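Structure first, then comments.
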Amino acid sequence: MARLQPVRGTHDILGDKSVRFRTIFEIFKSVASRYNHQEIDTPIFEFTETFKRTLGDTSDVVTKEMYTFEDRGGEQVTLRPEYTAGIARAFMSNGLHQSTPCKFYSYGPIFRYERPQKGRMRQFHQMDVEIIGVPEAQADIEVLALASDLLSELGIGQHITLELNSLGDPESRVLYRDALVTYFTEHKSKLSEDSLKRLEKNPMRILDSKDDGDHILIENAPRIGEYYNDVTKDFFTQVLRGLEEIGIDYVINDRLVRGLDYYCHTAFEFTTDQLGSQGTVIAGGRYDGLMEMMGGPQTAGVGWAAGMERLAELISEEVIVPPVRPVVVTPVGENSQATSLRVAHDLRANGIVVDMGYKGNVGKRMKRANKQNAVFAVLIGEDEIDRNVAMVKNLDQGSQEEILLSELSTYILGNRP
RNA sequence: GCGGGUGUAGCUCAGUUGGUUAGAGCGCCAGAUUGUGAUUCUGGAAGUCGCCGGUUCAAUCCCGGUCACUCGCCCCA
């Protein structure tokens, strides 16, 4: 047993979990399609450079969380730790500058070497949405609306808060960052150990600190809003107006920052208090600087990623689509095997979900059918074969009646709940 | 990478202040019921008490290590 375990931080998806995943993805697909987003599937691994370049050499993701290895040809490759870089790469590889705007959605596994805990795994799944090539605020609004629609269709909108911030355009952002560094450097002695490190690597992260001592300092720290230039103010206002126009509630959180370097302007998180300390369910923002950072032409982009595992814990039971209940064809006696096989095949050809009672006496097979949550058991014995009928038992009601084989699928299609 | 908790049957968990054959419920298998499920009754299988080492006449229990899970920090979906 010892080694028959999944690798640490990975999980099998089956049974109820699988049903939840399926439901969430179907809803996601339908909402994304309504916004005219197209599906894109990029490889689950890329050259390590692709992520290093975009995430920044000092980010935690790059320094300690990537699954990186050398393949047999000596290439350094990495299992994707996020979606955006891969999609941006695909955008450039396929020369899509010609066909902007590009609106994509995607879904699949993501890998991060982290210490597992509630709501955090080493292999997990994200759904991703991107609009590339639209520098206007309408794209931000649309992408937020898509997220909001998704959450409400999953039946969890009321438990979730949209937190929103503007990181400013590059000019504002640099000014603010400098102001922060100056401020915190003056108060270095009072900063927590973790925040001292942040001061070196990612000063804006200090605003996010959970340390009580830091909180007092943060209270009096410069506010990002004071450093917005006109471009930033105007852009942010457009986003907020747009959200109000379509009735999406938000809370401005000027402490909301981003770990990744390529974000600017809008940054947002949809959060809940129902998942313990990993409360972010969807997160994203605008990344106009990304493509240039990767060596391509300047191209605007905005998008988000949603954590499937986290959504799966929240999704409302009413929304979950249970698997289709089967009809179980049950041969009675050796001589009815062939006919049963033919009947099952025929029902399937008519689009009915059919399973077979494979072995045991009739009692055994009925028990089996019941356990499979079957709607009908179709019993076929020599008796029935002689008269070209089947005994169809309704397992919910306990009633049964003989049906002509030629009318079997019509009967089932017409009488199933 | 750092800190806390847990590890007994397929699942959820009791239990042993160290002492013969380690228990329950659910589930599973079989029978009551050889052409009729869900209820009921009867019986059965199933455990290297996570793994390695130490202490002891004796360890599932105590000690050390290790692995896994879990909660939190860092960080993030």
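By convention in this document, chain letters (A, B, ...) are assigned in the order of the sequence lines, proteins followed by strands, and residues within each chain are numbered from 1. As the structure is a prediction and not an experimental result, all values here were calculated from the model.
With hydrogens and angles ignored, no donor-acceptor pair under 3.5 angstrom links the side chain of A/Arg120 to the base of B/A77. For B/C69, the base has no donor-acceptor partner in the side chain of A/Arg8 [N/O atoms by modelled type, under 3.5 angstrom]. In terms of polar N and O atoms assigned as donor or acceptor, the side chain of A/Arg310 comes within less than 3.5 Å of the base of B/C76 in a complementary pairing.
Look at the P atom in both B/A24 and B/U42: the space between them is 14 Å, to the nearest Å. For the C1' atom pair drawn from B/U60 and B/G19, the interatomic distance equals 13 Å after rounding to whole Å. Rounded to whole Å, the P atom of B/C62 lies 15 Å from the corresponding atom of B/U8. Across the C1' atoms, B/U36 and B/G44 are found 25 Å apart, a figure rounded to whole Å. Between B/U34 and B/C26, the two C1' atoms lie 30 Å apart (nearest whole Å). Rounded to whole Å, the separation between the P atoms of B/C11 and B/U48 comes to 12 Å. B/U16 and B/A22 have their C1' atoms separated by 8 Å, with the value rounded to a whole Å. Here, B/G53 and B/C41 have their C1' atoms 50 Å apart, quoted to the whole Å.
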Would you mind building the protein contact string for nucleotides 28-36 of chain B? One character per nucleotide, 5' to 3', B for base within reach (heavy atoms under 4.0 Å), S for sugar-phosphate only, - for untouched. SSSS---BB
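Using a 4.0 Å heavy-atom cutoff across all strands shown, A/Gly9 reaches sugar-phosphate atoms only and no base atom. Among the protein residues, A/Ala369 comes within range of no part of the nucleic acid, since none of its heavy atoms lies under 4.0 Å from any strand. As judged by a 4.0 angstrom heavy-atom cut-off over every strand, A/Gly333 is placed among residues making no nucleic acid contact. If you check every strand for non-hydrogen atoms under 4.0 Å, A/Glu269 touches nothing.
Between A/Phe124 and A/Gly398, the residue anchored nearer the 5' end of RNA chain B, judged by the nucleotide with its closest heavy atom, is A/Gly398. Between A/Arg198 and A/Lys118, the residue anchored closer to the 5' end of RNA chain B is A/Lys118, taking for each the nucleotide with the nearest heavy atom.
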Give the intermediate values and the outcome of ring pair (Phe, Tyr, Trp, His ring centres under 6.0 Å) for residues A/Phe28 and A/Tyr105. CA-CA 9 Å; A/Phe28 171 60; A/Tyr105 73 89; 5.6 Å; yes
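Residue pairs that meet the ring pair (Phe, Tyr, Trp, His ring centres under 6.0 Å) test with at least one member in residues 328-383 of chain A, sequence neighbours left out, do not exist here.
For A/Arg8 and A/Glu114, the salt-bridge test fails: no basic side-chain N is under 4.0 Å from an acidic carboxylate O. Residues A/Asp396 and A/Arg325 are paired through a salt bridge, judged by an N-O separation under 4.0 Å between the basic side chain and the carboxylate.
Contact annotation: the side chain of A/Pro323 approaches that of A/Val19 to within less than 4.5 Å [non-hydrogen atoms, C-beta and beyond]. For the pair A/Glu309 and A/Arg20, the minimum side-chain heavy-atom distance is 4.5 Å or more. Residues A/Thr68 and A/Phe51 have side chains not in contact (no heavy-atom distance under 4.5 Å, counting atoms from C-beta outward).
Between the P atom of B/C71 and the CD atom of A/Gln278 lies a distance of 9 Å, rounded to the nearest Å. One interatomic measurement links the two molecules: CZ of A/Phe21 to P of B/A77, which rounds to 16 Å at whole-angstrom precision. In this structure, the CG atom of A/Asp355 is 15 Å from the C1' atom of B/G37, given to the nearest Å. The CZ atom of A/Arg122 sits 8 Å away from the P atom of B/G1 (whole-angstrom rounding). Rounded to whole Å, the distance from CG on A/Leu256 to P on B/A77 is 11 Å. One atom, CD of A/Glu309, and another, P of B/A77, lie 14 Å apart when rounded to the nearest Å. Look at CZ on A/Arg365: it is 19 Å from C1' on B/A38, rounded to the nearest Å. One interatomic measurement links the two molecules: CZ of A/Arg205 to P of B/C75, which rounds to 6 Å at whole-angstrom precision.
By the 30° and 60° cut-offs, the orientation of the rings of A/Tyr176 relative to A/Tyr227 is tilted. The aromatic rings of A/Tyr183 and A/His187 are tilted relative to each other, their planes meeting at an angle between 30° and 60°.
Considering all non-hydrogen atoms of both residues, A/Trp304 and A/Met127 come closest at CZ3-O, 3.8 Å. Between A/Glu130 and A/Gly303 the shortest heavy-atom distance is OE1-CA, 3.4 Å.
The side chain of A/Arg115 places no N or O atom within less than 4.0 Å of a non-bridging phosphate oxygen (OP1 or OP2) of B/C76.
Where pairing requires Watson-Crick or G-U contacts shorter than 3.5 Å, the helical stems of RNA chain B with at least three consecutive pairs are B:1-7 with B:67-73, B:10-13 with B:23-26, B:28-32 with B:40-44, B:50-54 with B:62-66.
With B/C75, B/A38, B/U70 as the choices, the nucleotide that has an atom nearest any side-chain atom of A/His11 turns out to be B/U70.
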